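Report on the following structure.
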Amino acid sequence: MNRLRVEGLLAAFPKLVGHSKQHTFVETDSVRYVYQPLENQMYLLLITTKASNIVEDLGTLRLLAKVVPDVAGGLQESSINDHAFDLIFAFDEVLTAGGYKEEATLSSIRTNLLMDSHEEKVHMALKQSKEDAAKVEMQRQAKNIKDRQMAQMRQNFVSGQGLGGGGGAPGGMQGFGGGGGESGRGMFDGFSGDQGNNNQYEQEPEPAPAAPQPPKVVAKGMKLGGMGLAGKKDSLMAKMAMEDNLMPAAKGGSAFGFDLAAAPTPAPVAPSTPLTLALEEKINVAMNREGAIESCEVKGTLTLTANTEAGTAAVVAVNKGVISNLPGMTFATHPKVDKKAYEKDGVLSLKGGKGFPTGRGVGILRWSYGSEDAAPITVNCWPEDEGNGSMNVNVEFELVRPGVVLTDVNILLPLGTTDPPAIESIDGEYKHDPASGMMCWHFDQLDSSTLTGALEFSIAGSNPDVFFPVQIMFKSEVLLCPVEITGVNSSANGTTIPNIMTKSFVPESYTCA
């Protein structure tokens with residue numbers, strides 16, 4: 001049926017329907033008009049052949065009459081005009097292209113009009129999953145890059161690579177700032193205690209004494225920016241001398257390059273005893289910016305190193321009766337250690353009477369603890385925007401574990417700028433490295449006499465996030481686990497084996513973010 005034929009049939013309908021409302025169909029010589037009056041002089045019209053089943057046609061008309069308000073939202077002419085194409089699509093679900101009725105219901109028509117596809121949902125879910133995985137991977141890579149950058153800056157800061165080569169170079173390390181604490185004595189003698197002059201030297205360092213050997217820098221204080229005023233000559237040798245002096249001190253020196261006048265570390269010597277025992281604990285702590293501990297875990301190891309043949313036959317006894325009753329602490333022995341002997345008598349030895357390897361450390365006992373009370377120190381950092389292009393930063397620490405003694409305590413704060421901080425008040429000492437944009441807040445020792453400390457400074461900036469994460473470093477010989485070596489005897493003859501024992505408690509990762 002062409003378009004002209006359709007338009008002619010539709011034009012004839014108003015003349016045929018008349019004003020009678022008793023019938024719902026009108027017939028001509030060739031077609032039948034099946035209709036239903038709607039509102040506002042509108043009709044729903046179905047044109048069929050005269051041979052069509054009028055009962056089925058009336059059912060189709062009733063279904064279409066339900067579709068119109070459901071799709072258009074009403075029977076107003078404006079609504080029908082606005083949803084004309086939607087109605088065409090809906091009618092197409094009821095009638096096929098040949099004019100035959102589909103077995104359709106109102107709910108199936110709605111479902112088909114939504115064009116909901118399970119395959120499309122699966123595709124979109126896979127796409128979203130890939131995007132989410134890519135975002136997670138991007139964040140992980142960004143965090144790894146940031147962690148590597150922070151570790152590199154911390155390593156450069158700690159090893160002294162931030163020191164400039166020329167006198168007064170912009171990348172040189174600034175001197176220590178003065179705080180009136182006890183930690184200011186000893187290795188900090190000769191440094192300025194006046195906070196108003198940005199901690200510059202007030203006197204020239206003593207010249208190096210003459211010696212036939214290659215020169216070594218001997219100074220009572222730290223050299224600012226490298227070589228000072230006389231640094232124009234022999235700069236290469238002076239740099240080498242400074243690097244030598246930046247090595248950690250053998251006794252009592254800082255492990256972070258603060259004691260610049262310390263002698264170089266002596267070469268390692270052969271062990272003087274048949275056996276070396278090392279009790280070591282490493283702690284991982286994550287704090288939020290308010291100083292609350294979010295996660296804390298301590299892992300400890302008892303390591304045995306046999307230095308001679310006599311040390312390979314060692315049997316180590318520990319205070320198992322004490323440590324086995326500690327709540328929350330778990331212990332595990334090495335798979336090759338005789339576990340029955342350990343459970344019964346608290347002794348650690350290899351199974352089958354075998355000896356320990358020579359010259360190689362073996363972790364014979366491990367323990368772990370995962371409660372917040374294991375953290376020895378908490379730090380909170382409060383950066384505040386003063387509104388004039390500068391930030392006021394308050395940093396506080398608190399020694400929270402009773403009886404602990406921390407040495408070489410360094411709290412590293414990223415500053416987000418190479419500008420030096422303006423110190424308002426400080427306990428302890430500080431050091432600024434403009435090359436890495438970091439500041440180190442240092443204490444020689446923290447114990448029961450120094451339970452708290454505070455630092456306040458101002459610096460240019462407006463973003464509080466640049467001051468995080470804060471890194472905390474320290475050393476201690478006070479372990480969390482009260483494990484004790486009660487005896488070291490030979491499995492061959494039962495005699496006591498001389499040994500050296502060390503204790504170490506250090507952070508593996510200790511951050512405030």
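Treat the numbers as computed from the prediction; the structure is a model and nothing was measured.
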Polar side-chain atom of [X] near backbone of [Y] as donor-acceptor pair, under 3.5 Å:
X: N319; Y: G321; value: no
X: T511; Y: A513; value: no
X: T407; Y: K475; value: yes
X: T486; Y: A317; value: yes
X: E281; Y: C481; value: yes
X: T301; Y: T303; value: no
X: N410; Y: D408; value: yes
X: K320; Y: K344; value: no

Side chains of [X] and [Y]: donor-acceptor distance under 3.5 Å anywhere?
X: T330; Y: S368; value: yes
X: N81; Y: H83; value: no
X: E508; Y: N284; value: yes
X: N392; Y: N394; value: yes

Flag the pair [X] / [Y] as yes when at least one side-chain heavy-atom distance between them is below 4.5 Å, and no otherwise.
X: V478; Y: F505; value: no
X: I283; Y: C296; value: yes
X: K146; Y: P469; value: yes
X: W382; Y: E290; value: yes
X: V395; Y: F467; value: no
X: I426; Y: F457; value: no
X: N380; Y: C512; value: no
X: P507; Y: V285; value: no

| Stepwise ring-ring contact (aromatic ring centres under 6.0 Å, His included) check, F474 with Y510 | CA-CA 10 Å; F474 57 81; Y510 210 115; 5.6 Å; yes
| query | Can you list the steps and then say if M329 with I323 is a side chain to side chain contact (heavy atoms under 4.5 Å, CB included)? | reply | CA-CA 8 Å; M329 192 165 289; I323 62 177; over 6 Å; no
Return the [atom1] to [atom2] distance between [X] and [Y], rounded to the nearest 0.5 Å.
X: M391; Y: L415; atom1: CE; atom2: CG; result: 11.5 Å
X: L413; Y: C440; atom1: CG; atom2: SG; result: 8.5 Å
X: D92; Y: L95; atom1: CG; atom2: CG; result: 8.0 Å
X: I109; Y: F91; atom1: CD1; atom2: CZ; result: 9.5 Å
X: N307; Y: L275; atom1: CG; atom2: CG; result: 7.0 Å

So, are [X] and [Y] salt-bridged, with charged N and O less than 4.0 Å apart?
X: E137; Y: R140; answer: yes
X: D338; Y: K354; answer: no
X: E484; Y: K503; answer: yes

| query | Should F468 and V470 be marked as a side chain to side chain contact (heavy atoms under 4.5 Å, CB included) after you check the CA-CA gap, both sets of side-chain angles, and the distance that decides it? | reply | CA-CA 5 Å; F468 299 94; V470 179; 4.2 Å; yes
| task | Kindly assign one of parallel, tilted or perpendicular to the pair F331 and W367, based on the angle between their ring planes and the thresholds 30° and 60°. | result |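 Tilted.
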| field | Residue pair E477, V405: steps toward the side chain to side chain contact (heavy atoms under 4.5 Å, CB included) verdict | value | CA-CA 8 Å; E477 295 182 357; V405 178; over 6 Å; no
| request: Check the surroundings of atom CD in E343: do more than 12 heavy atoms from other residues, nucleotides or ligands lie under 6.0 Å from it? | output: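 Yes, CD of E343 has more than 12 neighbouring heavy atoms, counting only those of other groups under 6.0 Å.
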| task | Using a cut-off of 6.0 Å, state whether more than 12 heavy atoms not belonging to R366 lie near its atom CZ. | result |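 No, not enclosed.
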| T450 and D447: CA distance, side-chain angles, deciding distance, side chain to side chain contact (heavy atoms under 4.5 Å, CB included) verdict | CA-CA 5 Å; T450 316; D447 50 26; 4.1 Å; yes
| Criterion side chain to side chain contact (heavy atoms under 4.5 Å, CB included) against M439, the qualifying member of I411, I459, L455 |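 Only match with M439 under side chain to side chain contact (heavy atoms under 4.5 Å, CB included): L455.
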